[in-house]
Visitor: 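Below you'll find the structure I mean.
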Amino acid sequence: MITPPIARLTSLTQGYGGRSIIQDLDLSIQPEVTGLLGPNGAGKTTLFRTLATITPPRSGHLELFGGPVSNERQARRARRRIGYLPQDFGYYPAFSIKDFVSYCAWLREVPSKKVDSLTREALAAVGLADRAQERMKSLSGGMLRRAGIAAAVVGSPSLLLLDEPTVGLDPAQRLDFRELIRSLARAGTAVVLSTHLVEDVGAACDTVLVLDDGRIRYRGTPQQLAELATPTAPGDNPLERGYMTVLGDQWSNAGDAR
Ligand SMILES: Nc1ncnc2c1ncn2[C@@H]1O[C@H](COP(=O)(O)OP(=O)(O)OP(=O)(O)O)[C@@H](O)[C@H]1O
């Protein structure tokens, strides 16, 4: 039996006002860790917002968990199975970390009897079990990000969308984070991770996508991307070089245009 992907986009176009951001994009997301790389403004957040059912496709189709998402009822049902950490997520400053994560569980319609235990589990997964009563407004950048990750993973969503989740994490926390997403993927979650940090892609991702100007320029394993690299200067990361090979030398092009 062929299992349908967790998410599938067909001929997606997306944009804001008169401006087109994503053009005719086809994509399927499997239960593994997928890394999304791309320059600023490539459309990564726009793609996440589409997968999270926040912005309906301008044209094209979104399928989640084997069924179409073409109306609000279907979107609402799908949202229960989606964890989404936006780049800049909102919160009530006076909430404790525990209140914040419980509230996000409630928004995802986790059964009320399970909210407490699942919140404790999510906080333990990001190393915040002992800090549960601290106020959101008092957190450092890294702790805030970990609280956001806990809110995204609470209740074990089937699709986990993480927009630059490791910004502000220290090296030890980044290692823990990678282990967390790998274990979620082993348990069947499709994790999609947008990042500018290729080390996260090399260490944690099964598949890497490079998005540029609203189009997927590359899909393969991190190792295949590294193998595209042209000769390197000492200390260069082959993945960064592979990424630059896919995109072409955009800095020089930008320089020419000035
Ligand atoms: N709400 C909006 N209204 C109008 N334009 C928008 C809106 N959100 C994003 N854009 C534009 O759409 C383009 C893609 O933005 P998006 O945030 O999806 O890119 P990104 O790849 O996530 O970038 P970054 O790496 O900088 O986070 C950008 O040119 C941005 O200015």
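Each ligand, and each atom within it, is numbered from 1 in the order the structure gives. Please read all numbers here as calculations on a predicted model, not as lab measurements.
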Visitor: Can you pull out the closest protein heavy atom to atom 26 (O) of ligand 1? Residue, atom name and distance to 0.1 Å, please.
Guide: Asn40 ND2, 3.0 Å
Visitor: Among all the protein's non-hydrogen atoms, which is closest to atom 14 (C) of ligand 1, and how far away is it?
Guide: Gly41 O, 3.4 Å
Visitor: For atom 18 (O) of ligand 1, what's the nearest protein heavy-atom neighbour? Residue, atom name and distance, please.
Guide: Thr46 OG1, 2.6 Å
Visitor: Indicate the ring-plane relationship of Phe89 and Phe100, choosing parallel, tilted or perpendicular according to the 30° and 60° boundaries.
Guide: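 Judged by the thresholds at 30° and 60°, the geometry between Phe89 and Phe100 is parallel.
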Visitor: Identify the protein heavy atom lying closest to atom 17 (O) of ligand 1, giving its residue, its atom name and the separation to 0.1 Å.
Guide: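 Checked against all protein heavy atoms, atom 17 (O) of ligand 1 sits closest to Thr45 CB, 3.5 Å.
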Visitor: How far is atom 6 (C) of ligand 1 from its nearest protein heavy atom, and which residue and atom is that?
Guide: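 For atom 6 (C) of ligand 1, the nearest protein heavy atom comes out as Tyr16 CD1, 3.2 Å.
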Visitor: Where does the angle between the aromatic ring planes of Trp106 and Tyr103 fall among parallel (under 30°), tilted (30 to 60°) and perpendicular (over 60°)?
Guide: parallel
Visitor: With respect to Gly38, determine whether any N or O atom, backbone or side chain, lies less than 3.5 Å from an N or O atom of ligand 1.
Guide: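 Such a contact does not occur with ligand 1.
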Visitor: What atoms of ligand 1 come within less than 4.0 Å of a heavy atom belonging to His196?
Guide: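 In order of numbering, the contacting atoms are 25 (O).
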Visitor: Please write down residue, atom name and distance for the protein heavy atom closest to atom 31 (O) of ligand 1.
Guide: Arg19 NH1, 3.9 Å
Visitor: Check Pro57 against Leu12 and note the closest heavy-atom contact, atom names and distance.
Guide: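 Distance-wise, the nearest heavy atoms are CB-CD1, 3.4 Å.
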Visitor: Is Asp26 reaching over with its side chain to a backbone N or O of Ser11, donor-acceptor style, under 3.5 angstrom?
Guide: yes
Visitor: When you measure from the side chain of Ser70 to the backbone N and O of His61, does any donor-acceptor pair fall under 3.5 Å?
Guide: no
Visitor: Taking only heavy atoms of Ile21, which atoms of ligand 1 are found under 4.0 Å from at least one of them?
Guide: 12 (O), 13 (C), 14 (C)
Visitor: For the residue pair Gln87 and Thr45, confirm or rule out a side-chain donor-acceptor distance under 3.5 Å.
Guide: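 The answer is yes; a qualifying pair exists.
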Visitor: Show me which atoms of ligand 1 lie under 4.0 Å from any heavy atom of Pro39.
Guide: 21 (O)
Visitor: Answer yes or no: does atom CZ of Arg131 have more than 12 heavy-atom neighbours from other residues, nucleotides or ligands under 6.0 Å?
Guide: no
Visitor: I'd like the name of whichever of Glu164, Gln87, Lys44 reaches closest to atom 25 (O) of ligand 1 through any heavy atom.
Guide: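 Of the listed residues, Lys44 has the closest heavy atom.
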Visitor: Return the CG to CD1 distance between Leu160 and Ile29, rounded to the nearest 0.5 Å.
Guide: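 These two atoms lie 12.0 Å from each other.
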